[in-house]
2 protein chains.
Amino acid sequence: MRILRLITFLAALTAYCLAAAAQSQLRGTGDLGIVIERANGSVCVVDTSARAILSCVEGFGDLSHASAVFSRDQRYAYVFGRDGGLTKVDLLEQRIVKRVLQAGNSIGGAISDDGKLIAVSNYKPGGIKVFDAETLNQVADIPASYGADGERSKTVGLVDAPGRRFIFTLYDAGEIWMVDFAEPGEPQITKIGRAGKLPYDALITADGRHYIAGLFGEDGLAHVDLWRSPARIERVLDGYGKGEAKMPVYKMPHLEGWALAGGQFILPAVGHSELLALDAETFKEAGRVKVHGQPVFAIARPDGRQVWVNFAHPLNDTIQVVDVPTLKVVHEFKPGPAILHMEFTPRGHEVWVSVRDANKVEIYDARTFEKRGELEMRKPSGVFFAARANRIGL
Amino acid sequence: MRILRLITFLAALTAYCLAAAAQSQLRGTGDLGIVIERANGSVCVVDTSARAILSCVEGFGDLSHASAVFSRDQRYAYVFGRDGGLTKVDLLEQRIVKRVLQAGNSIGGAISDDGKLIAVSNYKPGGIKVFDAETLNQVADIPASYGADGERSKTVGLVDAPGRRFIFTLYDAGEIWMVDFAEPGEPQITKIGRAGKLPYDALITADGRHYIAGLFGEDGLAHVDLWRSPARIERVLDGYGKGEAKMPVYKMPHLEGWALAGGQFILPAVGHSELLALDAETFKEAGRVKVHGQPVFAIARPDGRQVWVNFAHPLNDTIQVVDVPTLKVVHEFKPGPAILHMEFTPRGHEVWVSVRDANKVEIYDARTFEKRGELEMRKPSGVFFAARANRIGL
């Protein structure tokens with residue numbers, strides 16, 4: 001009887017152990033990524049070397065307009081949902097590690113340069129909250145209060161800056177703030193100044209030097225050179241759409257894809273079927289590119305030689321590719337209905353394109369434009385690769 | 001008896017399985033790196049988040065002047081030894097996966113943008129060889145033959161360029177060549193042209209656009225703009241040391257650390273106690289910085305705001321930090337005897353410094369200059385972090 005129990009115990013232990021071993025296949029994490037399945041509140045973990053889905057994980061809540069950042073070991077993604085959910089997902093085990101509902105309505109986040117702090121940009125209640133990246137315990141709550149009544153502004157364009165800092169923009173207040181966690185204790189908050197009317201999104205350059213906010217309420221952009229002390233806001237591209245008929249804006253462009261490419265920033269114009277080229281030194285307009293429709297993302301290939309552009313509804317079945325030195329469209333193709341996002345592999349050999357209404361992510365050679373693969377997903381939107389962990393501002 | 005055998009079998013299986021599980025602790029690889037222990041032919045695998053050594057692995061042969069690249073999943077490092085050894089090491093299991101002695105005398109290598117090809121730069125026999133990154137099987141052998149007799153030149157400055165290309169420089173021939181693996185079948189070799197006398201090292205900018213070779217036999221540098229078609233060589237900074245007394249060169253500077261920082265390249269001058277600033281647009285001299293000694297590495301912090309410099313013997317106990325906008329030395333300290341290399345964490349919050357003759361690697365906050373940690377290693381030299389996998393030219 002004792003022997004039988006021993007055998008049963010050993011057999012169970014072996015079975016458990018073998019199951020655990022199968023689960024814990026060693027693998028690197030540098031080539032992993034995630035794709036947001038918007039309609040299902042799920043996230044698919046993908047392998048960009050194998051061009052494959054490892055597994056799709058449910059339970060992320062409302063993922064409309066979701067985005068993500070990655071831990072510095074590239075094992076975890078932090079997914080920012082629209083419902084105020086901040087969810088930490090393990091890419092190796094493909095499971096949710098922790099999820100907190102930290103606000104009522106959110107719009108993206110950032111991770112500090114040391115990988116220790118996660119900041120989330122909230123519409124409601126307006127402000128940012130900061131969490132410990134390990135535990136998701138709250139570290140700081142920074143209400144975006146403004147004006148005499150202390151009303152709270154929605155926040156947008158939240159990014160990391162070098163030195164455990166975050167920069168963000170107050171949509172309703174039209175201001176840009178910086179919060180600095182370099183010293184232990186309470187963070188230092190600096191109200192950099194007034195950006196203009198209705199700043200709707202922002203970006204920071206890959207070197208963490210220039211923060212640029214787009215304005216919906218005015219023609220122009222707000223620029224902060226963070227190498228200047230004290231930092232202050234300057235208006236750039238003032239009146240870039242002046243004199244032309246105002247056009248309806250079908251979808252607000254995203255600014256994140258902007259990149260310094262060949263000494264210029266290439267960025268989508270709001271409400272125009274154009275890209276604007278901005279000289280990276282003088283911050284003056286350096287040219288324009290007529291494109292197929294109202295651009296949503298204008299994303300530079302990592303070498304900066306080309307910029308890939310997708311468009312607002314109803315022209316969102318098309319991608320155009322712009323050659324940076326000549327500012328000419330050199331390629332156009334139609335991957336399918338509702339192209340929502342594009343993400344390049346870190347050194348730019350391939351690009352993943354989410355085609356929502358075809359329920360597919362398509363993978364292209366970023367030079368020859370040949371299709372290299374295709375993955376079935378349910379209403380895929382944002383595509384985020386783990387290499388973002390090692391970039392300032394992503 | 002049968003029962004006893006069953007018990008023994010199950011017990012053995014359980015023991016094996018538990019041992020395997022202990023070995024195969026799941027972990028991300030984005031924050032790993034290696035440090036070369038030069039004197040012992042060993043490589044220490046390090047964790048930059050924990051600031052810890054995971055394990056040191058022996059058996060790499062002659063590691064004087066060794067360097068490394070990383071697989072795109074950031075699980076493997078490829079170490080290039082001086083003895084022609086190419087060794088693939090598993091960072092997760094901390095063991096050598098494969099080692100080939102592919103030449104008699106080598107100097108560095110590169111990995112293609114898709115992560116599939118490893119190229120090695122050889123002195124003897126002069127040329128480059130290319131290997132499959134998975135198996136280390138040879139894929140191509142490209143002799144650097146020149147002149148009427150078909151003599152073979154040492155090769156230096158081998159880097160990856162976007163589109164499965166490699167660029168390298170022929171030391172004896174004074175030429176720059178490109179080899180293109182974009183199409184299946186035989187690689188396309190392009191002899192770009194004549195660089196000048198004794199090109200000793202080269203780099204490619206982070207966007208893969210500009211390839212620049214330093215010359216030991218002449219005052220000046222050779223520059224190739226790879227966005228131009230056909231690519232051709234132009235001389236820049238011609239005669240930067242002219243009129244001054246020639247100084248003995250204690251150690252040839254390395255070019256790899258150069259970075260585009262604030263619109264300038266900052267680079268070590270050969271034989272002078274100076275850094276040169278090169279305007280990134282015009283490629284003209286934009287300024288000079290007097291420094292403590294003959295610079296060996298001038299490495300930009302990832303945000304480009306500062307450049308950290310170490311020096312040739314006998315002044316190699318000192319690091320100086322240069323502020324890029326003002327071109328002024330803003331900090332100087334002496335970590336210890338024989339500082340051989342510096343490597344920043346990918347977003348620049350910390351920097352690892354190898355202090356060979358103190359048998360230590362020291363870890364500093366890259367902003368406050370406070371020491372954050374210290375690891376004992378045996379004659380440490382090169383420090384390489386896995387995030388290089390995701391950068392062009394590293």
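Since this is a predicted model, take the numbers as computed values, not measurements. Atoms considered below: every heavy atom in the structure, side chains included; atoms not considered: hydrogens, waters and symmetry mates. So that the names make sense, note that chain A is the first sequence line, chain B the second, and so on, each numbered from 1.
- Rounding to the nearest 0.5 Å gives a distance of 7.0 Å between NE2 of H349(A) and NZ of K116(B).
- Once rounded to the nearest 0.5 Å, the distance linking CZ of R75(B) with OG of S49(A) reads 12.5 Å.
- Of the atoms belonging to R391(A), heavy atoms from both backbone and side chain fall under 4.5 Å from chain B.
- Of the listed residues (D113(A), T368(A), T48(A), L91(A)), the greatest number of heavy-atom pairs within a distance under 4.5 Å of chain B belongs to D113(A).
- Under the salt bridge (charged side-chain N to carboxylate O under 4.0 Å, His left out) criterion, D180(A) pairs with no residue at all, not counting sequence neighbours.
- When heavy atoms are compared at a cutoff of 4.5 Å, D160(B) approaches chain A solely by way of its side chain, counted from C-beta outward.
- Only the side chain of R367(A) comes within contact range of chain B, with at least one heavy atom under 4.5 Å from a heavy atom of that chain.
- Contact detail for G304(A) and W227(B): the closest heavy-atom pair is O-CH2, 3.3 Å.
- Ranked by heavy-atom pairs shorter than 4.5 Å toward chain B, the options A366(A), P346(A), A206(A), P302(A) are led by P346(A).
- One distance of note links CG of D207(A) with CZ of R301(B); it measures 11.0 Å at 0.5 Å rounding.
- Considering only heavy-atom pairs separated by less than 4.5 Å from chain B, the leading option among D365(A), I392(A), D90(A) is I392(A).
- Comparing G115(A), A182(A), P162(A), G208(A) by how many heavy-atom pairs each has under 4.5 Å with chain B, the most go to P162(A).
- The 12-atom threshold is exceeded at NZ of K371(A), counting heavy atoms of other residues, nucleotides or ligands nearer than 6.0 Å.
- Separating the OG1 atom in T345(A) from the CG atom in D114(B) is a distance of 9.0 Å, to the nearest 0.5 Å.
- Considering only heavy-atom pairs separated by less than 4.5 Å from chain A, the leading option among E350(B), R72(B), R164(B) is R72(B).
- For L394(A), no part sits under 4.5 Å from any heavy atom of chain B, backbone or side chain.
- Heavy atoms of A387(B) lying under 4.5 Å from chain A belong to its backbone as well as its side chain.
- Side chain of R347(B) to backbone of S112(A): a donor-acceptor contact under 3.5 angstrom is found.
- Applying side-chain contact (heavy atoms from CB on, under 4.5 Å) to Q74(A) and the options N390(B), L32(B), T29(B) leaves one that passes, N390(B).
- Considering only residues two or more places apart in sequence or on other chains, E370(B) meets the salt bridge (charged side-chain N to carboxylate O under 4.0 Å, His left out) condition with R372(B).
- How far CG of D303(A) is from OG1 of T205(B): 10.0 Å, rounded to the nearest 0.5 Å.
- In this structure, no portion of I204(B) lies under 4.5 Å from any heavy atom of chain A.
- Contact of D47(A) with chain B is not made at all, since no heavy-atom distance falls under 4.5 Å.
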